[in-house]
Amino acid sequence: MTKTKSSWLQRAAMAAGLILAGTTLAQAASAPTISFGVPPWPGVSVKTQIAEQLLETLGYQTQTKNIGLPFIYRGLTDGNTDVFMGAWLPAQKDMLGPLVKKKQVIKLGSNLSGAIEGLAVPDYVWNKGIHSIQDLAAHPKMFDHKIYGIEAGSAMDQAISKAVKDNYEGLGSYKMVPSSTAAMLAQLKHSSPKKQPMVFLGWRPHWMNIKFDIHYLKDKKGSPIAGIKSQVLTLVSAKLDDDNVKTLLDHIHVNAKTQSRWIYDYSYKKGDMSDVAHKWLASHPKTVEKWLAGVKTVDGKSAVAAYHKAYGG
């Protein structure tokens, strides 16, 4: 081959590469971007990452906004945030209710089953007969009159503080220990090997349900501080006009055991969130196929085929 012909072929190949790169960039630029509001909650973080990876597999672009709950709701209202996958009810009903009534936010389906929150005890305390709020109220000395909560602004922490203040079922002799989620879990980790009695605010899903054997207290009167079953919804802004995206998001649903494992692998074991999400998606094709029912790629092709191509199924 002559030098002139070789140079021509090289220039042609380079030009073709530039055209292909330009086409790819143009396609990426034109792909819809879906933004997710994510509070500092590991379960919602991994669940959002799973949704984002699936959308990116379908040709969408995604954006993660790590912001607080009030800002997420504000973003859903004005359209600056498209999706929120951590609407816990009834805890957030006062924030969500007015926005749904004004048709600014749309509720999709529940994305989680088996969620619960309330006062909890380790198994060695449960085995001593502490099964309810009434049992707890009858044995304050066992717990040194202490209840370990989390951040003071949380809805459940406020509910427990109010129950203590109002002497609900005789809890008035207790006091809430100023704490945080990390501090409460550190105390649980410290108390468990020594079998020291402890009562604390617990919730599922969370890695605490995998690392520790715990039980949620009951309440004969059905108070808002014990064994509260929660519904976790996916929300979208009323300004999001993409039925394909909404169909996928509406289908995403797992149980508390699955999400607790995500949280354990990511938050407790310090795994990379992207890797945790990718490995789970790759190893659960039947579930993902159900989620993708009726969903297409951005260019109208099979979402299931795109998923299998991306995850090696």
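Quick note: residue numbers are just sequence positions, from 1.
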Side chain to side chain contact (heavy atoms under 4.5 Å, CB included) for F36 and Q63? Distances and angles first, verdict last. CA-CA 6 Å; F36 289 78; Q63 180 184 24; over 6 Å; no
Verify the neighbour count for atom [atom1] of [X]: are there more than 12 heavy atoms of other residues, nucleotides or ligands below 6.0 Å?
X	atom1	answer
D299	CG	yes
F212	CZ	yes
K246	NZ	yes
H139	NE2	no

Among K195, K189, K194, Q187, find the residue that satisfies the side chain to side chain donor-acceptor pair (under 3.5 Å) test when tested with S191. Q187
Consider only side-chain heavy atoms of I, L, V, M, F, W and Y, link residues closer than 4.5 Å, and tell whether [X] and [Y] are in one cluster.
X	Y	result
V288	L108	yes
I228	F200	no
I116	V254	no
V177	Y168	yes
I263	V232	no

Considering all heavy atoms of both residues, which atom of [X] and which atom of [Y] are nearest to each other, and what is their separation?
X	Y	value
G59	A31	O-CB, 3.2 Å
P197	V125	CA-CG2, 3.7 Å
A87	Y73	CB-OH, 3.9 Å
P39	V44	CD-CG1, 4.1 Å
M184	S179	N-OG, 3.4 Å
Y216	R204	OH-N, 3.4 Å

Show the numbers, then the answer: is there a side chain to side chain contact (heavy atoms under 4.5 Å, CB included) between R261 and I210? CA-CA 8 Å; R261 175 56 61 177; I210 295 176; 4.0 Å; yes
[Y] side chain reached by [X] side chain, heavy atoms, under 4.5 Å:
X	Y	value
F84	K65	no
S132	L217	no
K296	S302	no
L248	L58	yes
V276	D272	no
P122	L188	yes
I130	M142	yes
L119	I133	yes

Rounded to the nearest 0.5 Å, what separation is found between the [atom1] atom of [X] and the [atom2] atom of [Y]?
X	Y	atom1	atom2	answer
S161	L171	OG	CG	11.5 Å
I34	T64	CD1	OG1	12.0 Å
S237	I106	OG	CD1	7.5 Å
Q49	E56	CD	CD	7.0 Å
L249	H251	CG	NE2	10.0 Å
M273	S45	CE	OG	5.5 Å

Check: [X] side chain, [Y] main-chain N or O, donor-acceptor pair, under 3.5 Å:
X	Y	value
Y124	Q196	yes
Y174	L136	yes
D242	N244	yes
K93	W88	no
D265	G271	no
H284	W280	yes
E169	K220	no
T234	N111	no
E117	S230	no
D82	S35	yes

Dump the intermediate steps for side chain to side chain donor-acceptor pair (under 3.5 Å) on E289 and H308, then the final yes or no. CA-CA 9 Å; E289 286 173 0; H308 284 295; 2.7 Å; yes
Give the C-alpha distance, both sets of side-chain angles, the deciding distance and a yes or no for side chain to side chain contact (heavy atoms under 4.5 Å, CB included) between T287 and L281. CA-CA 9 Å; T287 298; L281 286 168; over 6 Å; no
Looking just at side-chain N and O atoms, do [X] and [Y] make a donor-acceptor pair shorter than 3.5 Å?
X	Y	value
D219	Q134	yes
T258	N255	yes
Y307	Q53	no

Counting the benzene-type ring for Trp, do W126 and H215 have ring centres under 6.0 Å apart? yes
Give a yes or no on whether the ring-centroid distance for H206 and Y264 is below 6.0 angstrom. no
Take D144 and K146 through the test salt bridge (Lys or Arg N to Asp or Glu O under 4.0 Å) and record every step on the way to the result. CA-CA 5 Å; D144 196 23; K146 295 178 180 178; 3.5 Å; yes
Look at K162 together with D166 and state whether they make a salt bridge at an N to O cut-off of under 4.0 Å. yes
Pick from T33, L55, L54, T48: which one makes a side chain to side chain contact (heavy atoms under 4.5 Å, CB included) with T62? L55
Can W203 and M208 be said to form a side chain to side chain contact (heavy atoms under 4.5 Å, CB included), step by step? CA-CA 8 Å; W203 62 93; M208 71 177 81; 4.0 Å; yes
